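Per chain, numbering begins at 1; letters A, B, ... match sequence-line order. In this text the structure is predicted, and so the values were computed from the model without any measurement.
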Number of protein chains: 2
Amino acid sequence: MLSPGHYQILTTLSRGGPCSRTDLARTLGVSKASISGLVRDLLNQNILCEQELVFGVGRPSVSLAVRADAASFIGVSLQQDPAVLVLTDLHGSVLARVEVPRAEDPDLCVESLVAAIDQLRATGGASTERLSGVGVALPGFVSHDRHTCVASTALGWRNVDIGAALTERTGLPTWVENDANALILGEQLFGPLRGSPDFSMVFVSYGIGCAHIVNRRLLRGNAGGAGEISHAPIAIEGFGAAPCRCGNKGCLETVASLLAITNAARRAGLPEQIGPLAALAAKGQPDALALLHRAGSALGLATAQLIQMLDPSHVVVMLDPALHDSVFAHALRKEADSHILHREGPGTMVTFRDFAPDNFASGAASLAARYFISGSDAL
Amino acid sequence: MLSPGHYQILTTLSRGGPCSRTDLARTLGVSKASISGLVRDLLNQNILCEQELVFGVGRPSVSLAVRADAASFIGVSLQQDPAVLVLTDLHGSVLARVEVPRAEDPDLCVESLVAAIDQLRATGGASTERLSGVGVALPGFVSHDRHTCVASTALGWRNVDIGAALTERTGLPTWVENDANALILGEQLFGPLRGSPDFSMVFVSYGIGCAHIVNRRLLRGNAGGAGEISHAPIAIEGFGAAPCRCGNKGCLETVASLLAITNAARRAGLPEQIGPLAALAAKGQPDALALLHRAGSALGLATAQLIQMLDPSHVVVMLDPALHDSVFAHALRKEADSHILHREGPGTMVTFRDFAPDNFASGAASLAARYFISGSDAL
DNA sequence: GCAAATGGTTCATTTCATAAAAAAATGGTA
DNA sequence: TACCATTTTTTTATGAAATGAACCATTTGC
């Protein structure tokens with residue numbers, strides 16, 4: 001139905017925001033005549049709309065924009081229990097949201113997800129008329145065709161074809177993706193860093209996740225293992241090197257994950273919740289301070305490794321709000337800063353952002369949105 | 001002269017080796033009719049040739065191959081003193097070679113390079129009739145248009161437009177590139193790993209260099225700083241953390257570069273040449289063993305960081321031949337292996353290869369060859 | 001020999017992109 | 001107010017490029 005030319009226009013508008021037909025012709029390097037015809041098609045199909053006039057010297061240009069209601073998508077996050085499902089529009093805005101318990105058994109899990117999806121379809125009303133696809137984010141490895149969960153220790157799954165199951169039950173095309181990858185792909189399509197060709201994201205949850213965009217594409221690596229920062233070797237002098245469940249020693253997640261932090265807090269007789277722990281550290285409690293400083297420094301060192309290796313324009317670190325202005329964040333920034341090579345010009349910008357489980361669901365929805373916009377799942 | 005279709009055919013043949021017209025049509029997703037016409041053009045221009053017949057069930061297919069003598073290129077390496085210049089054909093084979101002292105002064109340097117290029121042109125004879133371009137590899141940062149050396153501590157250069165200077169004096173289009181990048185781009189076009197979409201290379205010289213191919217493209221990063229493994233933080237327990245010239249502590253190059261090794265050897269009263277030092281270690285001399293083990297372990301740890309972050313299919317480590325079967329190499333492999341997350345399937349393969357200054361010159365020549373083959377310098 | 005299978009070519013047709021010209025919409029100026 | 005310069009957008013005529021379908025070529029296997 002839509003040609004590569006149509007998809008190029010949608011991608012450009014989605015990446016760079018509204019612009020005129022002439023701008024599109026310049027950006028894409030094709031003639032204004034071609035753009036005119038393609039845009040007409042997209043207007044007729046109610047995928048684009050003409051916005052306000054932009055006045056310059058001559059005839060004003062008409063801004064073209066992708067219509068938010070041209071399509072809607074469902075995103076499923078199995079990153080935590082409970083699972084989060086969202087219905088989003090073509091701008092990435094969340095229209096509806098629902099939570100369901102995350103069942104371990106694959107069949108039960110699909111069952112409850114299908115019920116939740118039906119609920120979203122009912123809630124969404126008119127906006128679900130053009131419902132175009134489902135995206136699933138999960139902690140684990142996903143097959144190359146983005147249908148099957150090859151392995152997930154968190155879920156206890158091996159070779160679960162959740163993509164096929166959901167497609168069959170919902171009648172909607174489904175894409176499955178690793179949680180960190182879904183997060184960064186959502187950011188690339190709809191987030192503040194949209195359009196940035198080289199950036200990385202790290203999130204600190206019970207585990208630690210990481211993903212990279214390089215040359216505008218997701219970095220998967222040879223076996224889909226790129227970004228496995230959890231097991232980055234970060235043994236620092238005086239840090240000790242605790243054995244990790246992977247069998248090695250000195251892995252990042254033995255120090256900086258929420259699980260490691262809460263475990264260490266329990267052993268030290270400190271509160272296990274991250275909020276009270278951070279509050280205690282803010283008041284100057286030495287053990288809490290040392291614990292969070294250690295964890296932040298470790299993640300800072302891993303971040304420095306990342307920056308030296310990839311030289312991204314931005315690294316976004318998603319943290320629990322309680323950690324935002326804490327010794328954890330400060331130690332992270334300081335340790336990272338002291339291990340990167342400073343050169344002229346603007347270096348890599350490290351920013352913190354609130355960690356929320358909904359980010360994964362939105363990211364998952366963006367997988368389907370990407371297909372709608374680019375006409376292929378080439379990431 | 002050549003259309004995008006022509007370049008697609010050249011790129012496919014160069015990447016995957018000889019194949020038939022029908023194979024090309026299948027691979028590129030276009031009709032046999034189109035291929036037929038494009039191939040005819042390339043045969044007429046003596047860029048392709050028909051090779052042997054491949055017999056199957058029906059009519060045998062004619063293998064098409066890129067002619068090695070369709071064009072030739074000059075590669076310049078300023079990676080070490082003396083500079084190395086090579087003349088290569090379109091298969092990457094070296095046809096002629098010459099060395100010249102590497103002058104510090106940019107004007108003198110250009111002068112001697114031009115003289116050497118003229119010498120290569122004279123030596124090359126008939127093969128230089130289709131001389132198509134010059135590539136330059138140098139240790140330092142290169143501007144985005146691949147003409148100017150922005151900064152090089154090794155050469156003492158700042159904003160030297162060596163590309164423009166050589167183009168003016170030789171009349172040949174010129175591409176300038178960082179040494180590590182030139183090396184890996186040469187490998188991608190002509191080396192054993194040609195066609196592999198994700199791999200990395202590390203070389204150990206007076207400094208340590210590194211570059212990555214990700215999704216078939218060179219990973220440059222935001223400011224061209226990707227692959228700066230020299231200053232990767234590798235402080236290991238018991239390693240100490242020597243201050244580095246970059247101002248930080250615990251950088252890889254303070255331990256594992258040839259410069260660091262020879263300096264440490266001098267302080268310990270050991271031979272400064274890497275060959276005798278390795279021989280001593282092979283005989284069991286404890287200080288030599290400890291020194292090389294330390295250096296190899298450090299590089300192994302950095303390699304583990306690399307593998308965890310990027311998950312490449314291969315990491316090629318270019319080493320002085322004396323180090324190949326040494327404690328350095330063994331410690332490298334052991335340390336890398338003990339810090340990567342092992343999963344099912346074939347993991348990253350770490351291989352050693354001889355380090356030779358000529359590799360950089362060949363890589364430099366491949367920059368020009370790439371333009372001939374792909375019609376653009378989009379890396 | 002002849003059918004089956006596959007590789008490669010020819011050619012009329014369609015599709016696609018373009019350049020050039022025309023139309024539209026505005027600001028400035030006499 | 002009339003008119004011109006400027007820029008955006010549409011229309012139209014032209015040319016390049018890719019295609020499908022038919023055709024020819026050359027082998028294997030029976």
Side-chain angles (χ1 to χ4, degrees), chain A residues 1-13 16-67 374-376, chain B residues 1-67 373-376 378:
Chain A
M1 188 156 79
L2 295 183
S3 75
H6 294 119
Y7 286 118
Q8 273 197 303
I9 288 176
L10 288 177
T11 304
T12 307
L13 285 175
C19 67
S20 71
R21 292 171 174 82
T22 306
D23 289 338
L24 283 172
R26 235 193 317 272
T27 310
L28 297 176
V30 295
S31 70
K32 294 185 283 184
S34 308
I35 296 290
S36 227
L38 295 168
V39 166
R40 183 170 28 243
D41 301 340
L42 292 169
L43 287 171
N44 288 339
Q45 292 185 48
N46 282 319
I47 296 174
L48 292 188
C49 61
E50 296 189 326
Q51 288 190 323
E52 81 286 353
L53 296 175
V54 177
F55 294 87
V57 178
R59 173 173 171 175
S61 58
V62 255
S63 267
L64 299 166
V66 179
R67 290 185 63 143
S374 76
S376 76
Chain B
M1 188 154 78
L2 295 183
S3 77
H6 293 119
Y7 286 119
Q8 273 196 305
I9 289 177
L10 288 177
T11 303
T12 307
L13 285 175
S14 175
R15 180 182 297 160
C19 68
S20 72
R21 291 172 175 81
T22 307
D23 289 338
L24 284 172
R26 237 193 314 273
T27 311
L28 297 176
V30 295
S31 69
K32 293 190 292 179
S34 307
I35 297 289
S36 227
L38 294 169
V39 166
R40 181 168 33 243
D41 301 339
L42 292 170
L43 287 171
N44 287 338
Q45 293 184 47
N46 283 319
I47 295 175
L48 292 188
C49 61
E50 296 189 325
Q51 289 189 321
E52 82 285 355
L53 296 175
V54 176
F55 293 85
V57 178
R59 170 176 171 175
S61 60
V62 262
S63 266
L64 298 166
V66 178
R67 291 185 61 144
I373 287 170
S374 77
S376 75

For this session: Give the intermediate values and the outcome of side chain to side chain contact (heavy atoms under 4.5 Å, CB included) for residues A/L48 and A/L10.
Result: CA-CA 8 Å; A/L48 292 188; A/L10 288 177; 3.9 Å; yes
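For the OP1/OP2 pair of C/dG8 and a distance below 4.0 Å, the side-chain nitrogens and oxygens of B/S36 include no atom meeting the criterion. Neither OP1 nor OP2 of D/dT8 sits under 4.0 Å from any side-chain N or O of A/S61. A sub-4.0 Å separation between OP1 or OP2 of D/dA18 and a side-chain N or O of B/S31 is absent. Side-chain N/O atoms of B/R59 include none lying less than 4.0 angstrom from OP1 or OP2 on D/dT28. Taking side-chain N and O atoms only, A/T22 has a distance below 4.0 Å to OP1 or OP2 of D/dT9.
Per the geometry, CZ belonging to A/R26 stands 6 Å off P belonging to D/dT8, to the nearest Å. Rounded to whole Å, atom C1' of C/dA25 lies 14 Å from atom CD of A/E50. The distance from atom CZ of A/R40 to atom P of D/dT8 is 19 Å, rounded to the nearest whole Å. Atom P of nucleotide D/dT10 and atom CG of A/N44 are separated by 11 Å, given to the nearest angstrom. In this structure, B/I35 places its CD1 atom 9 Å from P of D/dT19, rounding to the nearest Å. At whole-Å resolution of the value, CG in A/L24 and P in C/dA17 are 14 Å apart. For the pair B/R21 CZ and C/dG8 P, the computed distance is 6 Å after rounding to whole Å. Between A/K32 atom NZ and C/dA24 atom P the separation is 16 Å, expressed in whole Å.
Residue A/S3 is classed as having no contact, given no heavy-atom separation below 4.0 Å to the nucleic acid. Contact annotation for B/V30: backbone-only contact, meaning every heavy-atom pair under 4.0 Å involves sugar-phosphate atoms and none involves a base.
Each of B/S63 and B/G58 has a nearest nucleotide on DNA chain C; the 5'-most of these lies closest to B/G58.
Here the OG1 atom belonging to A/T22 is positioned 9.5 Å from the CD1 atom belonging to A/I35, to the nearest 0.5 angstrom. For the atom pair A/S36 OG and A/L24 CG, the distance stands at 10.5 Å (nearest 0.5 Å). Between atom CD of residue A/Q45 and atom CZ of residue A/R67 there is a gap of 12.5 Å, rounded to the nearest 0.5 Å.
Among C/dA17, D/dT26, D/dT19, the nucleotide with an atom closest to any side-chain atom of B/P60 is D/dT26.
Between B/I373 and B/S14 the shortest heavy-atom distance is CD1-OG, 3.6 Å.
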